[in-house]
There are 2 protein chains.
Amino acid sequence: MGLVKTEKFSDLQNEIALFAKAFGHPARVAILQHLFKTDACICGDLVHEIGLAQPTISQHLKELKHLGLIKGNVEGTSVCYCIETKNWTKMKTVMFQFLDQDISEEACC
Amino acid sequence: MGLVKTEKFSDLQNEIALFAKAFGHPARVAILQHLFKTDACICGDLVHEIGLAQPTISQHLKELKHLGLIKGNVEGTSVCYCIETKNWTKMKTVMFQFLDQDISEEACC
DNA sequence: TTAGTTCATTGCAATATTACGATTAATATG
DNA sequence: CATATTAATCGTAATATTGCAATGAACTAA
């Protein structure tokens, strides 16, 4: 075990969980906040800003990139990372629908 | 290692990550969706609905309860679970602010 | 070419998570 | 009381995640 039984759940449930897992680590939250805040989104800046080792940051960036939430552009020896706007918006739609469900009036307990 | 370096991040960043982690498993997504959808939120129903073993569901419920997102009420031999409305709303505020950041106009890459 | 810079990848150790069988605790019912 | 029902807890195995040192790959500059 230690293995999620994905097949028991709907595609939407798995998708929500995947997005949420991406935000489930403070380093990835910090990376995304930094990408939103600044235009200078060079990878090396993130390493200094966040204070984890370069391979660690690189790994977190890879996960966010794999989900399509960010993109990286090679510029000489450095790499510029940014939010992938279109996918971020799609993700927002999915997460908002999940988070913003109406709570049933009749309290059951 | 295998250990998040919480001290490197702000309280808000850690809070966002904790909430997100709660949604980072499809079983917990399914549990919450079910609690929203129905008033009959007996633990045993969730076990049947979701199709994981009872101790597994119980463990997921414990995590959601620990975060304050749900509450459980003992009713005889069974336990009735519901969304903890007030905390859910607070969580929504935090998550919405994170997800709904403005993307800087000037595309950097 | 050689050295320097920047970032990705590899490999590994430590810890966390997931899942469930077995058991326990609490309450109900005959 | 004895038994059944329901859900929590314990213990454990399997897998996943986190973090980093070491290394590699790609480019720049001298």
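Proteins come first, then strands; the chains are lettered A, B, ... in the order of their sequence lines, and each starts at number 1.
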Are [X] and [N] close enough that a side-chain N or O sits under 4.0 Å from OP1 or OP2?
| X | N | value |
| --- | --- | --- |
| B:His60 | C:dA19 | yes |
| A:Tyr81 | C:dT6 | no |
| B:Thr56 | C:dC20 | yes |

When you get a sec, tell me which of [options] is the closest nucleotide to the side chain of [X]?
| X | options | result |
| --- | --- | --- |
| A:His25 | D:dA16, C:dC7, D:dT18 | D:dT18 |
| B:Ser58 | C:dC7, D:dA7, D:dT18 | D:dA7 |
| A:Lys5 | C:dA13, C:dT18, C:dC20 | C:dC20 |

Whole angstrom is fine here: how far is it from CG in A:Leu64 over to P in D:dT17?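 My rounded result for the distance is 14 Å.
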
Please state how far atom CZ in B:Phe9 lies from atom P in D:dT18, giving the value in whole angstrom units.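 Going from B:Phe9 (CZ) to D:dT18 (P), I get 11 Å.
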
Both B:Ile57 and B:Met1 contact DNA chain D. Which one's nearest nucleotide lies toward the 5' end?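 The residue whose closest nucleotide sits nearer the 5' end is B:Ile57.
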
Touch check for [X], heavy atoms < 4.0 angstrom, all strands: base, sugar-phosphate only, or nothing?
| X | answer |
| --- | --- |
| B:Lys8 | nothing |
| B:Lys21 | sugar-phosphate |
| B:Ser78 | sugar-phosphate |

Where along residues 46-54 of chain A does a heavy atom fall under 4.0 Å from DNA chain D?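 Only A:Leu52, A:Ala53 qualify.
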
Does the B:Trp88 side chain pair with the main chain of A:Asp100, one donor and one acceptor, at a distance under 3.5 Å?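 Checked: no pair found.
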
